[in-house]
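One structure is given below, encoded as structure tokens.
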There are 2 protein chains.
Amino acid sequence: MRLTTKGRYAVTAMLDVAYHSEKRPVSLTDIAKRQNISLSYLEQLFSRLRRAGMVEGVRGPGGGYQLSRDAKLINIADIITAVDEPLDSTRCGGQGNCQNDQPCLTHDLWMGLSEQIRLYLSTINLHDLLQRKNVRRVAQRQDRRVKITAVITAPREEAGAETGG
Amino acid sequence: MRLTTKGRYAVTAMLDVAYHSEKRPVSLTDIAKRQNISLSYLEQLFSRLRRAGMVEGVRGPGGGYQLSRDAKLINIADIITAVDEPLDSTRCGGQGNCQNDQPCLTHDLWMGLSEQIRLYLSTINLHDLLQRKNVRRVAQRQDRRVKITAVITAPREEAGAETGG
DNA sequence: ACATATCCGACGAAATTAGTCAATTTTCTA
DNA sequence: TAGAAAATTGACTAATTTCGTCGGATATGT
């Protein structure tokens with residue numbers, strides 16, 4: 001279980017989808033604005049998330065992504081492993097070939113740690129996260145800051161007060 | 001608490017010191033051979049470990065490094081934080097400035113995870129690790145494979161069978 | 001004196017991560 | 001049917017980190 005910013009972005013984006021996709025799919029453009037992640041990078045991430053069966057893409061205007069199953073059934077560990085390359089074998093992680101085809105001195109230690117992390121993150125699912133007060137507060141702040149493109153054919157409005165907080 | 005190969009190398013090297021330094025200091029050259037870590041990289045790591053007060057360097061022939069306190073009093077979390085830059089502030093780790101001076105959506109989640117990892121690694125010290133059967137077995141295998149420079153003025157021996165496994 | 005070995009800092013290559021760009025396909029709406 | 005919205009794909013680039021090298025300086029045992 002590797003921990004990189006890639007995985008963190010993925011979890012953040014999935015949380016955004018879980019929070020906003022009850023009525024309609026969530027476009028990556030909206031996620032990009034709210035979460036300050038580049039659209040192109042989100043495309044990469046959701047390509048993997050989709051192939052991992054965690055989200056479904058809906059094409060065309062008004063489309064976007066939505067969870068492919070209940071938020072309670074998607075835990076954080078799943079999301080992270082979905083977007084990170086499974087290069088457990090190259091590093092000391094997978095097999096015990098860390099030192100000339102033999103396990104290195106601390107092989108078991110890192111295996112145990114990896115398992116600990118996985119266990120911890122497996123206990124947390126998207127639904128749980130959304131219940132947390134801090135998460136909801138941040139999500140509401142983001143919604144206020146960013147005018148999304150929810151109404152499809154709405155006339156272009158001059159959204160004032162962009163710079164303010 | 002970041003987890004990189006740097007930290008893994010440091011823990012491995014410290015474990016090597018703990019295992020071998022009961023009688024005399026352990027030279028970085030020996031660690032390099034046993035653990036397959038480059039001497040120059042070890043110098044970097046031990047520079048930090050020394051400044052963190054975990055090891056003491058002994059100069060001159062027969063010198064090397066030894067633990068500065070009992071192996072029971074050195075835990076894994078300490079070692080890793082000693083060699084890794086404390087760039088918690090730049091990443092989402094330290095303050096809550098992950099998104100425009102505000103905490104990002106998953107800030108608390110990563111803080112909690114970080115704490116979990118730290119707690120887990122704090123419970124393991126070098127002495128504990130050395131008691132593990134797998135660790136001892138690997139250490140003994142390494143000792144057989146590598147002829148160390150224990151005897152200072154020993155005549156140079158042609159150590160054969162280098163390419164094999 | 002000399003060899004061993006820590007100590008120190010700067011440098012550079014290789015690997016990995018993060019992010020961009022360009023193009024295609026699908027689907028909705030008019 | 002045209003046009004726009006949006007997913008989908010893959011190659012490419014930039015930035016960062018890791019890993020390792022080099023050249024020295026200092027200390028110390030024989």
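We name chains A, B, ... by the order of the sequence lines, and we start the count at 1 in each one.
Counted by atom type alone, A:Q116 and B:Q116 present zero donor-acceptor pairs between their side chains at under 3.5 Å. A donor-acceptor pair shorter than 3.5 Å cannot be found between the side chains of B:S114 and B:W110. A donor atom on one side chain and an acceptor atom on the other are not found under 3.5 Å apart for B:N134 and A:H107. No side-chain donor from either of B:T12 and B:R8 sits under 3.5 Å from a side-chain acceptor of the other.
A salt bridge links B:D16 with B:R34: the distance from a Lys NZ or Arg NE/NH1/NH2 to an Asp or Glu carboxylate oxygen falls below 4.0 Å.
Put simply, CG on B:L3 is 15 Å from C1' on D:dT18, counting in whole angstrom units. Regarding B:E56, its CD atom lies at a distance of 17 Å from the P atom of D:dA27, rounded to whole Å. If you measure from atom CD1 of B:I31 to atom C1' of D:dG20, you get 17 Å, rounded to the nearest angstrom. To the nearest angstrom, C1' of C:dT17 lies 11 Å from OH of A:Y9. Rounded to whole Å, atom P of C:dT16 lies 17 Å from atom NZ of B:K6. Across the protein-nucleic acid pair, A:R24 atom CZ and D:dA5 atom C1' stand 15 Å apart, rounded to whole Å. Atom CG in B:L42 sits roughly 16 Å away from atom P in C:dC8 (whole-Å rounding). B:R8 has its CZ atom 12 Å from the P atom of C:dT16, to the nearest Å.
Ring geometry for B:Y41 against B:Y9 counts as perpendicular: the plane angle is over 60°, on a 0 to 90° scale with 30° as the lower cut.
Among the heavy atoms of the strands, none lies under 4.0 Å from B:F46. B:L28 comes within contact range of the sugar-phosphate backbone alone, with a heavy-atom separation under 4.0 Å but no base atom that close. Here A:S40 lies in heavy-atom contact (under 4.0 Å) with a base. In this structure, B:I37 reaches neither bases nor backbone, as no heavy-atom distance under 4.0 Å exists between it and the strands shown.
Under 4.0 angstrom from either OP1 or OP2 of D:dA6 there lies no side-chain N or O belonging to A:T29. Note on B:Y65: a side-chain N or O is less than 4.0 Å away from OP1 or OP2 of C:dC7. In terms of phosphate contacts, B:T4 brings a side-chain nitrogen or oxygen within less than 4.0 Å of OP1 or OP2 of D:dT18. Look at A:Y41 and you won't find any side-chain N or O under 4.0 angstrom from OP1 or OP2 of D:dA15. OP1 or OP2 of D:dC19 has at least one side-chain nitrogen or oxygen of B:T5 nearer than 4.0 Å.
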Please lay out, stage by stage, how A:I79 and A:M54 fare under the test side chain to side chain contact (heavy atoms under 4.5 Å, CB included).
CA-CA 8 Å; A:I79 298 173; A:M54 325 195 77; 4.1 Å; yes
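Remark on DNA chain C: of its neighbouring residues A:G60 and A:S38, the 5'-side contact belongs to A:S38, judged by nearest-heavy-atom nucleotide. A residue-by-residue look at A:R50 and A:G63 shows that A:G63 has its nearest nucleotide of DNA chain D further toward the 5' end.
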Please produce a list of atom pairs where a protein N or O lies less than 3.5 Å from an N or O of nucleotides 22-25 of chain C.
from, atom 1, to, atom 2, distance (Å)
C:dT25, O2, A:R59, NH1, 3.2

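Side-chain atoms of A:Q44 stay outside donor-acceptor range of the base of D:dT9, with no qualifying N/O pair under 3.5 Å.
A 6.0 Å sphere centred on CD of A:Q131 holds more than 12 heavy atoms belonging to other residues, nucleotides or ligands.
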